[in-house]
Amino acid sequence: MKRGMLCRCPNCGEGRMFRAYLKVADSCEACGQELHHHRADDAPPYLVIFIVGHLIVGLMLHIEMAYRVAPLVYLATMIPLTIVLSLAMLPPIKGAVVALQWAKYMHGFDPAAPREGAAGVQLH
């Protein structure tokens, strides 16, 4: 999962996991490990919302209890902070989820599982 959080191939740690911002590469350019099997789906955004939500609400509660701040200050600071944190956390968390699926042989990452061909025919 550490390699995934660094946005690197979970197999070798050398190749890039993403070919675009959140688009997982079909395979690792360094070792050839297939990565297209992943099914990260809604887990990364859910985890990001959970983490960022707790951070922002905790920060807002602390500021509210320690200082007297106008509501517009929250709008001007907390909304941009929430957006930046969310966008920064999405790739590492998605990388960790894909790496976890790779490590646990989930969703087609099992090397012993039969493979399907283009027409849905199982290849051995």
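Note: hydrogens, waters and symmetry copies are ignored here, and every other heavy atom, side chains too, is used.
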Exercise for the section: Find out if a path of hydrophobic residues (ILVMFWY) with successive side-chain heavy-atom gaps under 4.5 Å connects Tyr74 to Ile83. Expected result: yes
Handout entry: Criterion side chain to side chain contact (heavy atoms under 4.5 Å, CB included) on Leu59 and Met78, from CA distance to verdict
Key = CA-CA 9 Å; Leu59 182 61; Met78 294 302 161; 3.6 Å; yes
Fill in the blank from the handout: Shortest non-hydrogen pair, Met17 vs Gly4, comes out as CE-CA, 4.0 Å
Handout entry: Verify same cluster id: Ile49, Leu81 (apolar side-chain graph, 4.5 Å)
Key = no
Practice task
Measure the acute angle between the ring planes of His54 and Phe50, then classify it against the limits of 30° and 60° as parallel, tilted or perpendicular.
Solution key: tilted
Handout entry: Over 12 foreign heavy atoms within 6.0 Å of CG, Asp41
Key = yes
Problem - Hydrophobic cluster identity match, Val84 and Ile63, side-chain contacts under 4.5 Å - result: no
Problem - NZ/NE/NH1/NH2 to OD/OE distance under 4.0 Å, Arg8 and Glu14 - result: no
Fill in the blank from the handout: The single option from His36, His37, His38 that satisfies ring pair (Phe, Tyr, Trp, His ring centres under 6.0 Å) with Phe109 is His37
Practice task
Could you tell me whether the side chain of Tyr21 reaches within less than 4.5 Å of the side chain of Leu90, counting heavy atoms only?
Solution key: yes
Exercise for the section: Verify side chain to side chain contact (heavy atoms under 4.5 Å, CB included) between Lys94 and Leu22, making sure each step is shown before the conclusion. Expected result: CA-CA 8 Å; Lys94 184 170 183 175; Leu22 287 176; 4.2 Å; yes
Completion exercise
Note: Cys7 and Phe18 closest approach over all heavy atoms is SG-CE1, 3.6 Å
Fill in the blank from the handout: Note: Val98 and Ala40 closest approach over all heavy atoms is CG2-CB, 4.3 Å
Practice task
Could you walk me through whether Leu85 and Val48 pass side chain to side chain contact (heavy atoms under 4.5 Å, CB included), step by step?
Solution key: CA-CA 9 Å; Leu85 280 174; Val48 167; over 6 Å; no
Fill in the blank from the handout: What one should report as the nearest heavy-atom pair of Leu100 and Met1 is CD1-SD, 3.9 Å
Fill in the blank from the handout: Scanning both residues in full, the closest heavy-atom pair of Ala88 with Pro92 reads O-CD, 3.3 Å
Exercise for the section: Indicate the atoms forming the closest heavy-atom contact of Cys28 with Cys31, along with that distance. Expected result: SG-N, 3.4 Å
Exercise for the section: Check whether any side-chain heavy atom of Met89 lies under 4.5 Å from a side-chain heavy atom of Ile51, and answer yes or no. Expected result: yes
Problem - Test side chain to side chain contact (heavy atoms under 4.5 Å, CB included) applied to Leu72 and Leu75, step by step - result: CA-CA 5 Å; Leu72 288 178; Leu75 287 175; 3.8 Å; yes
